[in-house]
2 protein chains.
Amino acid sequence: MQAFQNYNSAFNALGDPTRRAIFEKLASRPLSVVHIAEGLTVSRPAVSQHLKVLREAKLISMVQQGTRSIYSVNSDGVQAMRDYLDRFWTESLENFKQIAEQTEKLKTKSNAANKKRSNR
Amino acid sequence: MQAFQNYNSAFNALGDPTRRAIFEKLASRPLSVVHIAEGLTVSRPAVSQHLKVLREAKLISMVQQGTRSIYSVNSDGVQAMRDYLDRFWTESLENFKQIAEQTEKLKTKSNAANKKRSNR
DNA sequence: ACTAACGGTAAGTTTAAACTTACCAAAACG
DNA sequence: CGTTTTGGTAAGTTTAAACTTACCGTTAGT
């Protein structure tokens with residue numbers, strides 16, 4: 001709830017197909033930039049830019065090993081997104097009952113209205 | 001895993017701040033378009049367009065009531081995103097140990113290298 | 001029937017995101 | 001040292017997303 005209000009950047013980061021591909025690659029194991037770029041159709045600089053976005057969204061983190069930058073998934077960031085969705089998931093589920101109830105009410109209402117109309 | 005491969009559209013949908021605001025509004029309770037637009041800074045047509053995006057991403061659903069279009073959060077779509085994140089969250093957590101182990105290995109390796117270098 | 005309310009869509013503009021090539025700096029290795 | 005590997009950044013282009021106004025069809029209310 002507290003530290004991560006970066007939901008926008010996080011969701012935005014995973015909204016891009018290329019970044020999603022990178023993210024999923026890193027989920028399987030930590031990789032250097034060249035390794036990440038290997039399977040992808042975009043250039044290596046493009047990958048670097050995507051990595052920056054993902055890192056700023058706290059979804060991945062980086063450790064330097066000599067000339068290599070090793071990227072890996074940041075579980076905390078992912079957790080934050082999960083929590084966010086959890087909140088609205090339960091919230092919407094609670095609403096579900098209310099919707100059902102209201103729909104019932106409205107059905108009887110509109111039935112009444114229909115009856116009224118057909119009475120004209 | 002099966003029915004929802006719309007992860008892109010879903011994450012993309014929540015990536016936009018205005019759509020996030022709409023989504024959160026709807027989480028508190030189902031609303032008509034004018035009600036949704038009420039608090040927001042953008043025009044009503046813009047809201048309609050955002051609603052379309054959210055609906056195509058299966059994050060919200062709509063029922064028609066006379067002239068009103070009542071929108072509400074689609075729990076299934078949210079659930080699908082949760083599942084997606086769950087998968088990569090656990091996956092990255094499993095990696096965490098491996099990273100730690102490998103980091104240990106690399107530390108001893110680089111220690112050996114440093115020793116070698118300082119021996120020159 | 002006439003008018004209000006509601007809301008979806010079309011057309012056009014503006015801004016920003018994704019990508020490219022080119023360049024550069026730092027570490028590694030012979 | 002020279003050179004290769006690695007990867008970040010800058011500058012510029014292109015495409016697409018977000019928004020606006022204008023318009024129209026449908027339902028509701030009087």
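Throughout, a chain's letter reflects where its sequence line sits, starting with A, and its residues are numbered from 1.
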K.L.:
Can you name the side-chain hydrogen bond (donor to acceptor under 3.5 Å, both in side chains) partners of B:Ser69, sequence neighbours left out?
P.N.:
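So B:Ser69 forms a side-chain hydrogen bond (donor to acceptor under 3.5 Å, both in side chains) with B:Gln64.
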K.L.:
What pairs with B:Arg82 under salt bridge (charged side-chain N to carboxylate O under 4.0 Å, His left out), at least two apart in sequence or on another chain?
P.N.:
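Here the qualifying residues are A:Asp86.
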K.L.:
Starting from P on D:dT20, measure out to CG on B:Leu40 and report it in whole angstrom.
P.N.:
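The answer, rounded to whole Å, is 11 Å.
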K.L.:
Using side chain to side chain contact (heavy atoms under 4.5 Å, CB included) as the criterion, list what pairs up with B:Glu56, not counting sequence neighbours.
P.N.:
B:Lys52
K.L.:
Just confirming the chi classification of C:dA4, syn or anti, using 90° around 0 as the syn window.
P.N.:
syn
K.L.:
B:Ala21: what forms a side chain to side chain contact (heavy atoms under 4.5 Å, CB included) with it, not counting sequence neighbours?
P.N.:
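B:Leu40.
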K.L.:
Hydrophobic clustering (ILVMFWY, side-chain heavy atoms < 4.5 Å, transitive) - are B:Val73 and B:Leu51 grouped together?
P.N.:
yes
K.L.:
May I ask you to verify if any side-chain N or O of B:Ser43 is less than 4.0 angstrom from the OP1 or OP2 atom of D:dC19?
P.N.:
no
K.L.:
Which letters describe nucleotides 5-18 of chain D, given B = protein heavy atom under 4.0 Å from base, S = only from sugar-phosphate, - = neither?
P.N.:
-SBBBB-------S
K.L.:
Taking CD1 from B:Ile22 and P from C:dG7, how many angstroms apart are they, rounded to a whole number?
P.N.:
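The answer, rounded to whole Å, is 13 Å.
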K.L.:
Could you tell me, to 10°, how much the axis swings from one end of the helix from C:dA5-D:dT26 to C:dG30-D:dC1 to the other, five pairs per end?
P.N.:
30°
K.L.:
The criterion is salt bridge (charged side-chain N to carboxylate O under 4.0 Å, His left out); which residues satisfy it with A:Glu38, sequence neighbours excluded?
P.N.:
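Applying salt bridge (charged side-chain N to carboxylate O under 4.0 Å, His left out) to A:Glu38 gives none.
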K.L.:
So which pairs with a foot in residues 29-77 of chain A pass ring pair (Phe, Tyr, Trp, His ring centres under 6.0 Å), sequence neighbours left out?
P.N.:
none
K.L.:
Can you name the side chain to side chain contact (heavy atoms under 4.5 Å, CB included) partners of A:Ser43, sequence neighbours left out?
P.N.:
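Applying side chain to side chain contact (heavy atoms under 4.5 Å, CB included) to A:Ser43 gives A:Pro45, A:Ala46.
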